[in-house]
Amino acid sequence: MHADLDPATDGGELLVGGVPLSRLAQRVGSTPFFAYDRELLTQRVARLRAAMPDDLEISYAVKANPMPALVQHLSRVVDSLDVASGAEMRLALDTPLPPGMVSFAGPGKSVAELSQAVAAGVVVEVESPLEVDRITAIGEETGIRPVVALRLNPDFEVKGSGMRMGGGAQQFGVDVEEAPRLLKEMEARGLDLRGFHVFAGSQNLHADILAEAQRRTVDLVLRMADEMTAEPTYVNLGGGLGIPYYEKDRALDLGAVGDNLEELMRSLVRPRLPGARVLLELGRYIVGEAGVYVTRVVDRKESRGTTFLVVDGGMHHQLAASGNFGQVIRRNYPIAVGTRMDQGDVETVQVVGCLCTPLDLLGDKVRLPRGEVGDLVVLFQAGAYGHTASPTAFLSHPAPLEVLV
Ligand SMILES: *Cc1c(COP(=O)(O)O)cnc(C)c1O
């Protein structure tokens, strides 16, 4: 088990939201399922707020986990929501947050999605000149003034991210070199241009690299602010804060990230943009550690000296744990027999899912207590990019259930 992971237990049972795992499985009615801990979500946002400058907004990036109950819960503790599709936007608009506190990013937004966004009054983070044309046309046809920000593809790269989404050639945002011209065009067309969005990458565990990226992001945004006639009122600094998945990963030093942002706000942002909303948009960091994926052992078999625990879930629900979601090298996600938390590790096993493919490997040579048919095997760090980022139709098994406890 991961050194930085210390899950709550009661006797042999893992506790999720204070409920013993087998009792939770009974309550849910069937395995496999994802369970998200409401209290852990609330605590996580509180910790973020304690570490970050007071005048920095926390936005939740819905794509990390769009379960409606979870989005509703988070909407009461974060300041704003970031969405990446029309369906996510509908979820966000169902929450008590005002539409102006919803931002809509992503390449290839359809005209229908843009039209819905303009009608709702959400901040559309535009990603191309053609998107500017489409939004202008929607505004002219409907008489509604579109609210927009410009997503910038920065002229720097952030190293050490699990996924890089800025710098070099990108489908995301508009190259900084093109931005001044497009900004003037957006203003000339009467769009309600609020400011900027920069999102350089995801899953970064290095506070020093994040600090450097945030400094360069602030530099860039202030340079671009000079290209606008009006004062920017919206500065979305992105995020990319990572969580530890693998044994060698160390948790991010959140304090160091917060101190750096405090300094940037005080010395650079506030002197130039005293009233602007400045926000960090986070998905994984808010929800990732608050979720577990729960499966049941359906078979235990030996093959030429290797023990296989076959569970009723798999990569069709939790693709990332199988190593097939953007990872270069397959490593194990933290895993446990959630019904034997008080027992020592006594054997080395292969934990495999129920799909008919060798890709469906959830634990490779993992040390565990002896798991029997009926035991519940749990994968941790499953709150983000789990259900939502997995090929649930693959092999036509039923979709997993989800519960917020
Ligand atoms: C995916 C995404 C996020 C969330 O990234 P995390 O790594 O989950 O925090 C935030 N903003 C944008 C624009 C994204 O595409």
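Counting starts at 1 for both ligands and their atoms, in listed order.
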- What part of His197 sits under 4.0 Å from ligand 1 if we count only heavy atoms: the side chain, the backbone, both or neither? side chain
- Message: Return the closest protein heavy atom for atom 10 (C) of ligand 1 as residue, atom name and distance.
- Response: Phe199 CE1, 3.3 Å
- Note on the structure: residues 266-295 vs ring pair (Phe, Tyr, Trp, His ring centres under 6.0 Å), sequence neighbours excluded, gives Phe34-Tyr293, Tyr293-His317
- Any side-chain heavy atom of Pro146 sitting closer than 4.5 Å to one from Ile138? no
- Note on the structure: atom 8 (O) of ligand 1 sits nearest the protein heavy atom Tyr385 OH, 2.6 Å
- Item | Asp54, CG atom: more than 12 neighbouring heavy atoms under 6.0 Å | no
- Note on the structure: ligand 1 to Leu282, heavy atom cutoff 4.0 Å, flagged ligand atoms 9 (O)
- Message: Between Asp55 and Arg270, does any NZ, NE, NH1 or NH2 come within less than 4.0 Å of an OD or OE carboxylate oxygen?
- Response: yes
- Can you tell me which residue and heavy atom of the protein come closest to atom 11 (N) of ligand 1, and the distance to 0.1 Å? Glu281 OE2, 2.6 Å
- Message: I'd like to know if Glu131 pairs up with Arg151 as an ion pair, taking the criterion as any Lys NZ or Arg NE/NH1/NH2 lying under 4.0 Å from an Asp or Glu carboxylate oxygen.
- Response: no
- SB check Arg272 Glu231 (cutoff 4.0 Å): yes
- Message: With nothing but distance in play, are any N or O atoms of Gly283 less than 3.5 Å from an N or O of ligand 1?
- Response: yes
- Item | Partners meeting side chain to side chain contact (heavy atoms under 4.5 Å, CB included) with Gln26 (sequence neighbours left out) | none
- To the nearest 0.1 Å, how far is atom 2 (C) of ligand 1 from its closest protein heavy atom, and which atom is that? Lys63 NZ, 2.3 Å
- Numbered in order shown, the ligand 1 atoms found under 4.0 Å of a heavy atom of Ala61 are 3 (C), 4 (C), 10 (C)
- Item | For Ser202, atoms of ligand 1 separated by under 4.0 Å from a heavy atom | 6 (P), 7 (O)
